[in-house]
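To start, the structure itself, in structure tokens.
In this text, all values refer to a predicted model and were calculated from it rather than measured experimentally.
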Amino acid sequence: MKNATKLIANNKKAFHDYFIDEKYECGIQLFGTEVKSVRMGKCSIKEAFVRIDHNNEVWIYGMHINPYEKGNIFNKDPLRARKLLMHKTEIIKLASKIAEKGYTLVPLQVYFKNGLVKVEIGLARGKKLYDKRADIAKKDQRRELEREFKVKNLY
């Protein structure tokens with residue numbers, strides 16, 4: 001049970017809008033009431049994005065963590081920018097890749113690992129409209145095949 005991971009928030013839209021080339025796991029700097037709220041599952045990364053600032057620090061913007069009900073004055077702003085914790089060499093590697101045209105960082109999921117809140121971020125390239133249509137066609141085809149397989153196995 002110690003090594004178990006518990007998923008808190010997932011960003012399905014990122015996989016629809018981007019090709020994910022690489023994934024990185026990083027910690028996140030949170031306050032106590034924010035951690036309690038995340039433990040209750042009140043976290044959303046649908047509109048979130050990740051940036052690297054000029055001090056080579058990684059920040060996540062737009063991540064919404066609802067205020068903890070019993071937190072009173074200790075609650076922080078739900079949409080404040082939060083620092084992500086990564087090794088300096090990983091940050092420099094990511095910064096050089098983002099300098100290339102078409103790459104960006106997107107948060108993929110938030111989860112607990114060994115009692116700590118972790119954020120998985122992905123190095124992503126944007127999809128064009130025809131790429132999205134091709135993905136939708138593949139999903140529809142797979143769904144249709146599963147439906148036919150299910151009908152054949154019933155009789």
Give, for atom CG of Asn11 and atom CD1 of Ile121, the distance between the pair rounded to the nearest 0.5 Å. 12.5 Å
Take atom CD in Gln141; do more than 12 heavy atoms of anything else shown fall under 6.0 Å from it? no
Could I get the full list of side chain to side chain contact (heavy atoms under 4.5 Å, CB included) partners for Asp17, not counting sequence neighbours? Lys13, Lys132
For residues Lys118 and Lys113, report the shortest heavy-atom separation together with the two atoms involved. CG-CB, 4.0 Å
Does atom CD of Glu47 have more than 12 heavy-atom neighbours from other groups under 6.0 Å away? no
Quick one: name the residues clustered hydrophobically with Leu7, using the 4.5 Å side-chain heavy-atom rule over I, L, V, M, F, W, Y, and just say none if it's on its own. Tyr111
Are there over 12 heavy-atom neighbours, none belonging to Lys93, within less than 6.0 Å of that residue's NZ? no
Grab the two heavy atoms, one from Ala14 and one from Pro107, that are nearest each other, plus how far apart they are. CB-O, 4.4 Å
Can you sort out the partners of Glu144 under side chain to side chain contact (heavy atoms under 4.5 Å, CB included), two or more places apart, ordered by chain and number? Arg147, Glu148
Sequence-distant partners of Lys97, salt bridge (charged side-chain N to carboxylate O under 4.0 Å, His left out), two or more places apart: Glu22
Output, in order, the C-alpha distance, side-chain angles, deciding distance and verdict of side-chain contact (heavy atoms from CB on, under 4.5 Å) for Leu84 and Trp59. CA-CA 6 Å; Leu84 296 179; Trp59 294 85; over 6 Å; no
I'd like to check the side chain to side chain donor-acceptor pair (under 3.5 Å) partners of Asp140; sequence neighbours left out, ordered by chain and number. Arg143
Looking only at heavy atoms, which two atoms of Leu30 and Val38 are closest? And how far apart? CD1-CG2, 4.4 Å
Just wondering, do Thr5 and Phe112 contact through their side chains at under 4.5 Å, heavy atoms? no
Suppose we screen for side chain to side chain contact (heavy atoms under 4.5 Å, CB included). Which residues come up paired with Lys42, at least two apart in sequence or across chains? Ser37, Met40, Asn66, Glu69
From CD (Glu25) to CD (Glu120), nearest 0.5 Å: 7.5 Å
Name all residues meeting the salt bridge (charged side-chain N to carboxylate O under 4.0 Å, His left out) criterion together with Asp53; count only those two or more places apart in sequence or in a different chain, and write none if there are none. none
How far apart are the closest heavy atoms of Gly41 and Ile8, and which atoms are they? CA-CG2, 4.2 Å
On a heavy-atom basis, the closest approach of Met63 and Cys43 is CE-SG, 3.5 Å
Salt-bridged, Arg80 to Glu34, with N to O below 4.0 Å? yes
Please name all residues satisfying salt bridge (charged side-chain N to carboxylate O under 4.0 Å, His left out) with Glu57, sequence neighbours left out, ordered by chain then number. Lys83
Return the CD1 to SG distance between Ile60 and Cys26, rounded to the nearest 0.5 Å. 8.0 Å
Between Met86 and Val58, what is the shortest heavy-atom contact and its length? SD-CG2, 4.0 Å
Among residues at least two apart in sequence or on other chains, which ones pass salt bridge (charged side-chain N to carboxylate O under 4.0 Å, His left out) with Arg125? Asp21
Any chance you could pull the hydrophobic cluster mates of Leu108, using side-chain heavy atoms under 4.5 angstrom and chaining through other members? Phe15, Tyr18, Ile20, Val106
Tracing side-chain contacts under 4.5 Å among Ile, Leu, Val, Met, Phe, Trp and Tyr outward from Leu85 reaches none
List the residues meeting ring-ring contact (aromatic ring centres under 6.0 Å, His included) with Tyr61, not counting sequence neighbours, and say none if there are none. Phe49
